[in-house]
Amino acid sequence: MAQQDSSITTRAENYSAWYNDVIAQGDLLDDAPVRGCKVLKPHGFGIWENIQKFFDQRFKDTGHVNAYFPLFIPMSFLSKEAAHVEGFAMECALVTHHRLRTTKDEAGNVAVEPDPASQLEEPLVVRPTSETIIWHMYGRWIDSWRDLPILINQWANVVRWEMRTRPFLRTAEFLWQEGHTAHATEAEAVEETLKMLDIYAEVAETKLAVPVVKGRKSARERFAGAVETYTIEAMMQNGWALQAGTSHFLGQNFAKAFDVTFQTKEETRDYVWATSWGVSTRLVGAVIMTHSDDDGLVLPPEVAPIQVVLLPAGPPKVWGQVMPKIDEIAAGLKAAGIRVKVDDRDNVRSGAKFFEWERKGVPLRLEIGPRDMEQGQAFAKRRTGGDKFGIAFDGIVEAVQAELTTIQCELFERARAQREACTYRVDSRAEFVEKIETQPGFYLIPWGGDDADEEAVRDETRATLRCFPMEQEPCDGLTCPLTGKPAQEWAIFARAY
RNA sequence: CGGGGUGUAGCGCAGUCUGGUAGCGCACCUGCUUUGGGAGCAGGGGGCCGUCAGUUCGAAUCUGACCACCCCGACCA
């Protein structure tokens with residue numbers, strides 16, 4: 001039987017072609033007519049919806065509330081915080097007119113162009129992030145210590161005109177959440193920053209089954225306008241690092257830039273302390289790259305839009321015997337909160353359905369045919385491999401739940417083992433330069449360099465300082481193998497997306 | 001913005017050198033037969049050949065300009 005043109009490039013052959021194939025065959029995205037923009041198709045958006053659900057619940061559990069700030073920001077706002085404007089100016093989309101007018105060419109074809117009479121006095125920036133407009137508003141809302149803290153999150157789209165885009169990992173427009181909090185004290189803001197980092201790590205590991213390293217960014221990699229940036233870093237199957245979420249301690253930088261002060265309990269005036277934190281649809285890319293294989297998408301049950309697909313086996317003419325049972329089981333699974341799809345299309349053969357749902361990463365498939373009816377069981381197959389096996393109708397809901405739990409755990413453990421296997425230490429710069437090329441992964445370095453050293457390493461190796469892990473062994477007395485200077489702190493270096 | 005590549009049916013491509021009625025595979029529609037891992041046969045529908053301007057009796061094909069997208073770099077969640 002000939003393979004259809006639904007084949008997927010293998011990871012060994014070409015990792016980035018594999019990634020694009022997995023996304024196309026998984027029916028997650030489609031190209032939009034605008035460069036760098038993608039349509040999130042239902043199966044792709046469904047993954048994001050599940051991720052949203054986990055975070056939104058936790059944000060609310062920790063006292064945050066959702067709000068929504070506008071897409072458009074007055075251009076002048078961007079320039080109020082010096083580092084911030086440096087970081088984002090290069091990638092901002094602008095709105096300069098508010099009206100079109102129609103024109104006709106010689107052939108009489110109608111076209112449209114900006115109406116020069118409608119040019120805006122001050123262009124509007126399409127938000128690349130919302131710190132500026134939010135701090136403008138916070139200035140109006142904060143008077144005294146009694147107005148603090150403000151713990152607001154927003155789910156939104158942002159636009160960054162990137163030169164190079166990759167599906168999910170970097171697109172011109174993307175979806176995310178951005179939390180923006182305002183506090184009376186530095187300690188409280190720092191605590192908030194770290195609390196949100198913990199939530200990011202917990203969801204990444206327990207829900208997305210993506211192991212992450214919590215860490216602090218170097219000055220070079222810090223968010224534009226932040227005092228400290230914390231990150232969760234994941235490792236993809238090719239050994240590259242992916243920054244999967246960031247939490248920033250903004251100090252009083254934005255409060256000063258937007259002149260946001262409050263009256264303290266002691267009746268003095270002080271600038272407000274701030275944090276911001278975000279995760280984006282990039283997490284969907286992290287899930288895809290962490291778990292998928294050469295047969296296509298593999299999704300952890302917790303984030304899979306469809307967790308179980310149920311389908312009748314045998315020719316449609318015998319389905320009358322099995323469909324009532326399938327519907328009954330589907331109803332039972334749904335009632336238990338399991339996301340089920342019954343695939344009863346009679347114009348697609350069973351074999352074709354198997355491949356389709358495997359390409360789409362559905363964790364568990366159940367087939368029921370006349371033979372299974374006689375034996376009182378469904379025929380099951382895990383997306384993650386192994387032979388088909390029977391699951392008795394009696395107690396099937398519990399059995400399926402147990403299967404999904406097992407799959408979830410296995411995926412996390414597999415990913416963690418993969419990361420451990422690709423985490424290295426080196427004794428010299430020469431060894432590092434050679435190995436980072438041939439053996440991508442996380443390189444644990446007792447780092448002793450400064451900004452300039454960091455940049456030099458990057459220029460030579462294309463590897464960057466991903467983070468200083470929060471969990472640190474002492475490195476007293478060690479010498480940094482990359483700079484020859486005394487080690488100050490353990491750092492992870494890697495190639496990164 | 002540099003270097004490379006590609007624009008022909010929904011998708012993947014041939015045809016372009018050497019100008020002469022628009023092709024193939026998959027997908028789609030109809031019918032029959034099939035059906036526990038990608039069905040077979042027969043019939044059928046679908047095109048401004050990226051855009052504009054040239055050359056020519058005649059252009060997917062030759063010439064020029066432009067546009068778009070993809071890959072590889074520099075920038076980045």
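Residue numbers begin at 1 in each chain, while the letters A, B, ... track the order of the sequences.
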Applying salt bridge (Lys or Arg N to Asp or Glu O under 4.0 Å) to A:Lys381 and not counting sequence neighbours gives none
Against the side chain of A:Thr171, the closest entry in B:G73, B:G38, B:A77 is B:A77
Kindly state whether the pair A:Phe354 / B:G37 counts as stacked, where counting means centroids closer than 5.5 Å and planes tilted less than 30° apart. no
Considering only nitrogen or oxygen atoms on both sides, find all protein atoms under 3.5 Å from nucleotides 31-34 of chain B and state each distance.
residue: B:U34; atom: O2; partner: A:Arg349; partner atom: NH1; Å: 2.9

Q | More than 12 heavy atoms from other groups under 6.0 Å of CH2 on A:Trp161 | A | no
In this structure, CZ of A:Phe354 is separated from CZ of A:Arg365 (nearest 0.5 Å) by 4.5 Å
So, is A:Arg164 close to the B:G73 phosphate, meaning a side-chain N or O under 4.0 Å from OP1 or OP2? yes
Practice task
May I ask you to decide if the ring planes of A:Trp48 and A:Trp155 are parallel, tilted or perpendicular, using 30° and 60° as cut-offs?
Solution key: perpendicular
As its Watson-Crick or G-U partner within any shown strand, both distances under 3.5 Å, B:C17 has none
Closest to the side chain of A:Ala352, out of B:A77, B:G38, B:G36, is B:G38
Using a distance-only test with no angle check, is there a side-chain donor-acceptor pair under 3.5 angstrom linking A:Ser218 and A:Glu454? yes
Within 6.0 Å of CG in A:Asp459, more than 12 heavy atoms from elsewhere:
yes
- Message: Taking the C1' atom in each of B:U16 and B:G20, what is the distance between them to the nearest angstrom?
- Response: 14 Å
Check: Which part of the nucleic acid, if any, lies within reach of A:Lys381 when heavy atoms closer than 4.0 Å are counted: base, sugar-phosphate only, or nothing?
Finding: base
Scan A:Ser280 against the nucleic acid and name what it touches under 4.0 Å (heavy atoms): base, sugar-phosphate only, or nothing.
base
Inset, instruction - Please work out if A:Lys388 contacts a base, only the sugar-phosphate, or nothing of the nucleic acid, heavy-atom cut-off 4.0 Å. - result: base
Under 4.0 Å, heavy atoms only, any strand: does A:Leu242 hit a base, just the sugar-phosphate, or nothing?
nothing
Taking for A:Ala244 and for A:Gly351 the nucleotide of RNA chain B with the nearest heavy atom, the one nearer the 5' end belongs to A:Gly351
**OP:** Assign A:Arg458 to base, sugar-phosphate, or nothing according to its heavy-atom contacts below 4.0 angstrom with the strands shown.
**Re:** sugar-phosphate
Residue pair A:Glu91/A:Pro167 against RNA chain B: nearer the 5' end by closest nucleotide is A:Pro167
As its Watson-Crick or G-U partner within any shown strand, both distances under 3.5 Å, B:A9 has none
Which of A:Asp56, A:Leu175, A:Thr281, A:Leu283 passes side chain to side chain contact (heavy atoms under 4.5 Å, CB included) with A:Ile51? It is A:Leu283
Within the structure shown, what part of the strands sits under 4.0 Å from A:Thr231 by heavy-atom distance: base, sugar-phosphate, or nothing? nothing
If pairing means Watson-Crick or G-U wobble with both distances under 3.5 Å, then the partner of B:C49 is none
Scanning all shown strands, the Watson-Crick or wobble mate of B:A77 with both distances under 3.5 Å is none
B:C62 -> Watson-Crick or G-U wobble partner, both distances under 3.5 Å, gives B:G54
TODO: Describe, in one word, how the ring planes of A:Phe493 and A:Trp447 are oriented to each other, choosing from parallel (under 30°), tilted (30 to 60°) and perpendicular (over 60°).
DONE: tilted
Could you tell me whether A:Phe223 contacts a base, only the sugar-phosphate backbone, or nothing, with contacts defined as non-hydrogen atoms closer than 4.0 Å? nothing
Re B:U35: Watson-Crick or G-U wobble partner, both distances kept under 3.5 Å, found to be none
* How would you label the contact of A:Phe174 with the nucleic acid (heavy atoms, under 4.0 Å): base, sugar-phosphate, or nothing? -> base
message: Between B:G37 and A:Glu358, counting only base atoms on the nucleotide and side-chain atoms on the residue, is there a donor-acceptor pair under 3.5 Å?
response: yes
| Is A:Gln243 touching bases, backbone alone, or none of the nucleic acid, heavy atoms closer than 4.0 Å? | sugar-phosphate
Give every pair of a protein N or O atom and an N or O atom of nucleotides 67-70 of chain B that lie under 3.5 Å apart, one pair per line with the distance.
residue: B:C69; atom: OP1; partner: A:Arg35; partner atom: N; Å: 3.3

Kindly say if A:Arg166 contacts the phosphate of B:C71, meaning a side-chain N or O under 4.0 Å from OP1 or OP2. no
If you measure only the distance, is there a donor-acceptor pair under 3.5 Å linking the side chains of A:Asp344 and A:Trp319?
no
Exercise for the section: Just call it for A:Gly369: base, sugar-phosphate, or nothing, with non-hydrogen atoms closer than 4.0 Å on any strand. Expected result: base
pair_partner(B:G2), Watson-Crick or wobble, both distances < 3.5 Å, evaluates to B:C72
Run the side-chain hydrogen bond (donor to acceptor under 3.5 Å, both in side chains) check on A:Glu221 and A:Thr229 step by step: do they pass?
CA-CA 8 Å; A:Glu221 299 278 332; A:Thr229 288; over 6 Å; no
Rounded to whole Å, the CG-C1' distance (A:Asp344 to B:G36) equals 17 Å
Report task. Report, as yes or no, whether the 6.0 Å neighbourhood of atom NZ on A:Lys341 holds more than 12 heavy atoms from other residues, nucleotides or ligands. Result -> no
